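Working notes, structure below.
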2 protein chains.
Amino acid sequence: MHPIVRKLAAYGPLAPEEQAVLAGLGAGAQLVEGRLDLLSEGCVPDSAVLVLEGVACRYRHRRTGTRQITAYLLPGDLCDLDFVHLGRLNHSVATLGSCRVARVPREVLAGLTTQYPAVARALRLAKLAEEETTREWVMNVGCRSAIERVSHLLCELHERLRAVGWATKAGYDLPLTQQDLADTTGLSNVHVNRVLRQLRLMRVVEVGGKRVDILNLAALQEIAEFQADYLRPAVA
Amino acid sequence: MHPIVRKLAAYGPLAPEEQAVLAGLGAGAQLVEGRLDLLSEGCVPDSAVLVLEGVACRYRHRRTGTRQITAYLLPGDLCDLDFVHLGRLNHSVATLGSCRVARVPREVLAGLTTQYPAVARALRLAKLAEEETTREWVMNVGCRSAIERVSHLLCELHERLRAVGWATKAGYDLPLTQQDLADTTGLSNVHVNRVLRQLRLMRVVEVGGKRVDILNLAALQEIAEFQADYLRPAVA
DNA sequence: CGTGCTATTGAGGCGCATCAATCATAGTGG
DNA sequence: CCACTATGATTGATGCGCCTCAATAGCACG
C-alpha cells in the first residue's frame with residue numbers, strides 16, 4: 001500500500017476513492033540520490049514534496065558551518081502542505097539516503113483538500129503530529145543527556161517507520177551517518193559514536209552499516225522516556 | 001488596539017468588521033495571576049486561549065522533575081487553533097507573569113474562520129510563524145552556546161512584543177525568573193545568571209527585576225545571529 | 001521580624017567537544 | 001586483480017563549558 005495512504009488512514013477511515021487519489025500523488029515519483037537538496041533555503045516552492053521511500057530532512061546551517069536538522073521526512077510524509085502560503089523558505093530540505101519522491105503542485109493539493117474533507121482532516125492531523133514532534137525535539141535537545149537523546153531519536157524513527165511498514169519489531173534500515181545523527185541531536189559525531197557503542201554494549205540496540213537492530217525495545221524506550229502518543233494525536 | 005488585531009493585521013489587511021469581531025474575542029477576558037496552569041497535560045480542551053496581556057508558555061515536565069518550556073504565548077497569541085482536533089493534550093499551558101486571557105470556544109473560532117476568509121488566512125500565517133519559531137528553538141538549544149541562546153531568546157521576545165506594542169527599542173517588561181529562562185534555553189539557572197551578568201558587563205543588555213533594558217540592540221542581534229524573518233513568513 | 005522566593009557568587013566536577021590518529025569499507029581507474 | 005582514494009567509523013587524549021552543590025544576599029510579604 002502507498003505509504004501516504006497507510007499513514008493518513010491511521011487518522012481516520014478513507015474511502016476507496018480517496019485512497020486511490022492519494023496513491024495517485026506518487027505517480028510521477030522520481031529517484032533522488034542521497035545528500036541532495038530537494039528545496040533550498042530562500043527558494044519559493046510551487047509544489048509540495050512527497051516522500052515515498054527513503055529518508056529526507058529539513059535542516060539549516062549556521063554561519064559557523066554547523067548544521068541542525070529540525071525534522072525527518074519519512075515515507076508518507078508530505079513537505080509541506082502550507083508552504084503554499086509562504087514566500088522564501090528559511091530552511092532547506094534534503095535527502096539523506098537516496099529517496100523516491102514526488103512533487104505535488106499546489107493546485108493539486110488544494111483541489112484534494114476541498115474535494116475530500118476526510119483527506120483534509122487527515123492532513124491536518126498529520127500536521128499536528130509534526131508540530132508535536134518538533135516540540136518533542138525541543139525537549140530532547142533541551143533537557144536530555146546524550147544517550148537519552150540518541151535513544152529517543154531511534155525510538156521515534158522506529159515508531160514512525162513502523163506506521164508505514166518500513167520497520168519491524170527487530171529494527172529498520174536507516175541510511176544516516178553518525179554525523180547526521182549528531183546534527184540532529186546537537187552532539188558531536190564522536191560522542192554519538194561513543195553513545196552507540198554504549199548502547200551496543202548494553203545489548204539494547206546495534207546501529208551500524210545503515211541498519212538499526214533493536215535488541216531490547218523496552219530498554220531503549222525506558223532510556224529515552226519514550227511516549228509514542230505525541231506521534232498520534234488522539235482524535236476528539 | 002487589541003493585540004490580536006494588531007498581530008493579525010501584519011499578515012494582511014483586515015476589514016473594519018473583521019477587526020471588530022477579532023477585538024470582540026477578548027470581551028470576556030479575565031485576569032489570571034502568575035504561575036497558574038491554563039490548560040493541563042492530559043486535559044481535553046473545548047476552547048482556545050487568547051492572551052491579551054502578560055506572558056504565558058507551553059511546557060512539559062520530565063519524570064526527573066526538570067521542565068522544558070517549548071513556546072511563549074504573548075499578547076495576541078491564540079493557543080491553540082487546532083486543539084479542537086485533539087484529544088488529550090500532551091503538554092501544559094501556564095501563565096508566567098500575571099495575564100489577561102480570554103477563552104474562545106471552538107464554535108466561535110470555527111464560525112470566525114468560515115465567515116471571514118481574511119481572518120482564517122491570517123490565523124494560518126500566524127500558525128506558520130509559530131512553527132518556524134519552534135524550529136528556531138530547536139536550532140537554539142541544539143547548536144548555540146549559552147550566551148547565544150539567551151541573546152536569541154531576548155531578541156525574539158523583543159521582536160514579538162514590538163509587533164503588538166508591548167516593547168520599544170529601549171526594552172520591555174518581562175515577568176520571568178532566571179529559572180524560567182533556564183527552562184527555556186536548556187541551561188541551569190546559575191549559568192543563566194552568569195550569562196546575564198556577562199551581557200550586562202558587555203553593555204549589551206540589562207535583565208533584572210522583570211525588565212529587559214536593551215543597551216545595544218545591534219550587538220545583541222549579532223551575538224544571537226538573530227534573523228527576524230522567521231517570525232514573519234513572507235506572503236507569496 | 002521572620003519566611004520564602006529569587007538573584008548572585010564561589011568551588012569543584014562531569015559531560016561532552018575538539019583535535020588527531022587509526023581502521024574499515026566501498027568505489028575507482030590502472 | 002591491486003593500488004589509490006574518499007568517506008565514515010572508531011578510539012584516545014585533552015580541555016572547556018556548563019552543571020551541581022552550597023552559601024550568601026536582596027527583596028517582598030505577612
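In this text, all values refer to a predicted model and were calculated from it rather than measured experimentally. Each chain gets a letter, A, B and so on, in the order the sequences are listed, and its residues count up from 1.
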Using side-chain heavy atoms (C-beta onward) and a distance below 4.5 Å, is B:L231 in contact with B:T133? yes
Please name all residues satisfying side-chain contact (heavy atoms from CB on, under 4.5 Å) with B:A224, sequence neighbours left out, ordered by chain then number. B:S151, B:H152, B:C155, B:F226
According to ring-ring contact (aromatic ring centres under 6.0 Å, His included), does anything in residues 42-77 of chain B pair up with another residue at least two apart or in another chain? List the pairs. B:Y59-B:H61, B:Y72-B:W137
Would you give a per-nucleotide map of nucleotides 22-30 of chain D, 5' to 3', where B means the base has a protein non-hydrogen atom under 4.0 Å away, S means only the sugar-phosphate does, and - means neither? ---------
Could I get the full list of side-chain contact (heavy atoms from CB on, under 4.5 Å) partners for B:I214, not counting sequence neighbours? B:H158, B:Y172, B:V205, B:V212, B:L217
In chain order, what residues pass the salt bridge (charged side-chain N to carboxylate O under 4.0 Å, His left out) check against B:R100, with sequence neighbours excluded? B:E53
So if I take residues 171-186 of chain A and measure heavy-atom distances to DNA chain C, which residues fall below 4.0 Å? A:G186
Tell me whether A:Q68 contacts the main-chain N or O of A:D183 through its side chain, where contact means a donor paired with an acceptor under 3.5 Å. yes
Expressed as a whole number of angstroms, how long is the span from B:H191:NE2 to C:dG15:C1'? 14 Å
Taking five pairs at each end of the helix from C:dC1-D:dG30 to C:dG30-D:dC1, what angle separates the two helix axes (nearest 10°)? 40°
For nucleotides 24-29 of chain C, read 5' to 3', which letter fits each nucleotide if B means a protein heavy atom sits under 4.0 Å from the base, S means only the sugar-phosphate is that close, and - means neither? ------
Would you call B:K127 and B:E130 a salt bridge, taking side-chain N to carboxylate O under 4.0 Å as the test? no
May I ask you to decide whether B:D180 forms a salt bridge with B:R35, counting only side-chain N to carboxylate O separations under 4.0 Å? yes
Using side-chain heavy atoms (C-beta onward) and a distance below 4.5 Å, is A:T95 in contact with A:E33? no
What nucleotide, of D:dT20, C:dC16, D:dA9, holds the atom closest to the side chain of A:N193? D:dA9
What integer distance in Å separates B:E148:CD from D:dG17:C1'? 12 Å
Donor-acceptor pairs under 3.5 angstrom involving side-chain atoms of residues 194-201 of chain A: please list them, not counting sequence neighbours.
none

Heavy atoms within less than 4.0 Å of DNA chain D: which residues of residues 194-213 of chain A have one? Give them sorted by number. A:R194, A:R197, A:R200
Using side-chain contact (heavy atoms from CB on, under 4.5 Å) as the criterion, list what pairs up with B:E225, not counting sequence neighbours. A:R62, A:R63, A:T64, B:R144
For A:Q179 and A:N189, does a side-chain donor sit closer than 3.5 Å to a side-chain acceptor? yes
Calculate the interatomic distance between A:N189 atom CG and D:dT11 atom C1'; express it in whole Å. 12 Å
What do you reckon, is CD of A:E222 surrounded by more than 12 foreign heavy atoms closer than 6.0 Å? no
Could you list the residues that satisfy side-chain contact (heavy atoms from CB on, under 4.5 Å) with B:S145, not counting sequence neighbours? B:I147, B:E148
Give, for atom CZ of B:R60 and atom OG of B:S92, the distance between the pair rounded to the nearest 0.5 Å. 9.5 Å
